[in-house]
Amino acid sequence: MIKRSFIGISAPRLTYEVIEEAPAEPMTVRPAKRITLLMDAPMEKTSGVLLKSGDAVQQGQRLQLFENNPVPCAISPVAGKIESVEPFLGIMERQMTAVVIALEGSGDYGRDTGFKEVSKSAGLSEANRFLRDIPGRPDFAVFNQSDRPVKTIAVMGTEQDLTAVTQQYVIGTNIAGVKSGIDALRKLTGIQNIQLVVYPHMVQVAGSSGAGIKTVDLQYPAGSTDMIRMALEAKQERNTEVAFFTAEAAVAVGAALQTGELPVDKLLTVIRKDGSRQLIKAPVGTHVSDILEAVRQSVEAGDRVVLGGPMTGHAVFSLEQPITPDTDILMIQDHSEVPEFSDIPCTNCGSCVRVCPVNIPVNELVRYLDAGEYEQAAENASLFACIECGLCAYVCESQIPILQFIALAKHAVQRLKAAEEENA
């Protein structure tokens with residue numbers, strides 16, 4: 001929903017979608033022939049890769065990419081055989097590895113029991129090893145930062161982008177599972193201060209979670225992790241950290257520790273071309289094409305398929321793109337509805353400055369970015385203070401793709417710093 005000021009002085013108001021009534025059960029989608037798991041690491045040396053074509057895998061099996069590095073890994077949501085292990089280029093030239101698993105002939109492989117053996121006595125080490133790639137992608141590595149100890153855990157019942165209702169559905173239909181997850185997080189981390197972040201209409205059901213309740217306004221981007229982090233960190237001691245878990249991740253952690261089995265099905269909101277919404281549940285790694293077929297959506301020339309939502313999402317270049325453990329939205333835009341971008345220079349209208357939730361001088365930042373002066377943008381125009389909510393691009397009268405410019409600039413500066421450190 002959007003409300004605009006009549007005289008154009010105040011910023012437009014974008015609000016999150018709200019589940020007014022109990023939604024129908026999510027549609028179950030199963031991959032047709034294969035799934036693809038993306039590991040956040042490049043295939044540096046083929047000889048050092050543990051996974052090979054033809055290897056049999058079990059459902060729930062932890063797949064480790066390198067022998068001497070346990071971090072690049074994934075949880076197989078299916079039983080099958082590895083079809084290929086190959087480099088994958090992600091957003092902003094992100095070097096990744098794609099593991100394709102074929103389902104054919106997988107009936108006798110069974111389910112892996114590796115986590116069951118450690119689940120009863122699991123601590124942070126086991127959680128970081130086994131649970132980091134379950135649905136919701138819980139981040140346990142943050143608890144290892146000795147310079148910024150975690151003092152608060154925020155469980156997010158809010159959405160990161162507009163149109164999604166994924167986390168709201170979890171809160172509304174499985175608050176017992178959320179409570180179980182919160183209890184599990186307290187046991188794993190020893191941290192008692194856990195806040196469940198919800199919209200005002202969810203307070204009553206959230207009250208039985210056993211956590212403190214923090215409400216946020218329905219105005220976007222109040223429910224984002226960056227905005228919540230600023231609000232929570234302002235109330236705690238300096239040089240401490242807030243750890244974030246989605247409601248879905250909390251449920252998955254609790255279920256894993258209770259059953260000894262790793263959850264593998266991801267809940268996400270699908271937005272059809274006509275704007276209608278469908279909740280689905282599919283194994284992590286399911287291809288976009290399988291989901292589109294299940295919800296009866298065809299893709300024509302000029303249409304756009306977006307993972308992540310209308311404000312912050314990224315269009316995919318192939319329908320074989322898989323959903324990941326943190327994919328909450330899949331949106332299909334008809335070519336007639338795809339917004340246009342232009343190369344018209346900034347007119348200094350000030351709309352981006354008025355709408356920015358963290359008060360960045362966006363008009364100045366755009367000029368640095370347009371000139372390719374990325375380091376100056378970081379030093380003089382608060383480049384890294386940007387939370388990438390996309391509001392500036394939404395209101396830009398010149399239709400400049402500001403969000404993409406900012407993401408590119410951050411990537412370029414970080415890559416330059418990494419190169420300098422490597423050569424130092």
Side-chain angles (χ1 to χ4, degrees), residues 15-28 119 122 127 131 134-140 152-161 163-218 222-225 227-228 231-232 242-270 277-282 284 325-329:
T15 55
Y16 293 100
E17 298 286 337
V18 170
I19 298 180
E20 298 289 356
E21 300 177 357
E25 283 287 317
M27 175 190 295
T28 299
S119 60
L131 303 181
I134 62 176
R137 188 166 273 162
D139 179 15
F140 290 97
T152 301
I153 296 175
V155 176
M156 303 295 289
T158 57
E159 314 295 347
Q160 291 302 299
D161 207 327
T163 74
V165 295
T166 305
Q167 305 309 322
Q168 292 180 68
Y169 179 84
V170 173
I171 296 291
T173 63
N174 193 11
I175 194 63
V178 174
K179 183 181 186 306
S180 175
I182 288 171
D183 292 342
L185 289 174
R186 284 198 174 107
K187 183 178 180 181
L188 282 170
T189 66
I191 295 171
Q192 300 303 306
N193 183 21
I194 298 184
Q195 300 289 315
L196 180 57
V197 184
V198 295
Y199 302 121
H201 70 282
M202 302 161 65
V203 169
Q204 185 173 0
V205 66
S208 60
S209 66
I213 306 299
K214 177 175 177 55
T215 60
V216 296
D217 189 75
L218 283 170
S224 71
T225 54
M227 299 298 288
I228 301 302
L232 292 177
V242 178
F244 288 90
F245 293 80
T246 64
E248 182 185 27
V251 170
V253 169
L257 293 178
Q258 279 188 342
T259 65
E261 295 184 351
L262 298 175
V264 295
D265 287 339
K266 181 71 183 77
L267 181 70
L268 68 154
T269 307
V270 177
R277 185 171 57 218
Q278 173 72 59
L279 281 165
I280 73 157
K281 184 170 287 188
V284 172
D326 51 2
T327 301
D328 279 352
I329 309 177

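Positions are given from 1 along the sequence. Hydrogens, waters and symmetry mates are skipped; everything else that's a heavy atom, side chains included, is used.
For the residue pair Ala184 and Gly254, the shortest heavy atom distance occurs at CB-CA, 4.1 Å. The heavy-atom pair separating Val264 from Pro135 by the smallest distance is C-CG, 4.0 Å. Across all non-hydrogen atoms, the minimal contact from Ala222 to Asp217 is CB-O, 3.5 Å. For the residue pair Ala154 and Val197, the shortest heavy atom distance occurs at CB-CG2, 4.3 Å. The two residues Thr327 and Leu268 have their closest heavy-atom pair at O-CB, 3.7 Å. The two atoms that bring Leu185 and Val253 nearest to each other are CD2-CG1, 4.4 Å, heavy atoms only.
Without hydrogens or angle criteria, Thr158 side chain to Gly223 main chain gives a donor-acceptor distance under 3.5 Å. A donor-acceptor contact shorter than 3.5 Å is absent between the side chain of Gln168 and the backbone of Gly157. Between the side chain of Tyr169 and the backbone N or O of Ile19, no donor-acceptor pair lies under 3.5 Å.
Considering only heavy atoms from C-beta on, Lys266 comes within 4.5 Å of Asp328 through its side chain. Contact annotation: the side chain of Leu188 approaches that of Leu257 to within less than 4.5 Å [non-hydrogen atoms, C-beta and beyond].
Rounding to the nearest 0.5 angstrom, the gap separating the CG atom in Leu279 from the OG1 atom in Thr173 is 9.0 Å. Here CG of Leu131 is found 6.5 Å from CG of Leu262. Values are rounded to the nearest 0.5 Å. If you take CD on Gln195 and OG1 on Thr152, they are separated by 7.0 Å, rounding to the nearest 0.5 Å. Of the inter-residue distances, the one linking Asp265 atom CG with Ile134 atom CD1 reads 12.0 Å to the nearest 0.5 angstrom. Summarising the geometry, atom CG belonging to Leu218 is positioned 7.0 Å from atom NE2 belonging to His201; distances are rounded to the nearest 0.5 Å.
Within the structure, ring pair (Phe, Tyr, Trp, His ring centres under 6.0 Å) pairs that include any residue of residues 243-266 comprise Phe140-Phe245 (at least two apart or interchain). Sorted by first and then second residue, the side chain to side chain donor-acceptor pair (under 3.5 Å) pairs involving residues 253-263 (not counting sequence neighbours) are Ser180-Gln258.
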inquiry  = Determine whether Arg186 and Ile182 satisfy the following criterion, side chain to side chain contact (heavy atoms under 4.5 Å, CB included), listing intermediate values before the conclusion.
reply    = CA-CA 6 Å; Arg186 284 198 174 107; Ile182 288 171; 3.5 Å; yes

request  = May I have the step-by-step check of salt bridge (Lys or Arg N to Asp or Glu O under 4.0 Å) for Lys187 and Asp183, ending in yes or no?
outcome  = CA-CA 6 Å; Lys187 183 178 180 181; Asp183 292 342; over 6 Å; no

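Contact check on Glu25 versus Lys281 returns no salt bridge, with no Lys/Arg side-chain nitrogen under 4.0 Å from an Asp/Glu carboxylate oxygen.
Checking each of Met202, Met156, Glu248, Gln160 against Gln167 for a side-chain contact (heavy atoms from CB on, under 4.5 Å) leaves exactly one that passes, namely Glu248.
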If you look only at distance, which donor and acceptor atoms sit under 3.5 Å apart when one is on a side chain in residues 207-216 and the other is two or more places apart or in another chain?
unit_1: Ser208; atom_1: OG; unit_2: Val205; atom_2: O; d: 3.2
unit_1: Ser209; atom_1: OG; unit_2: Ala206; atom_2: O; d: 2.9
unit_1: Ser209; atom_1: OG; unit_2: Ala211; atom_2: N; d: 3.3

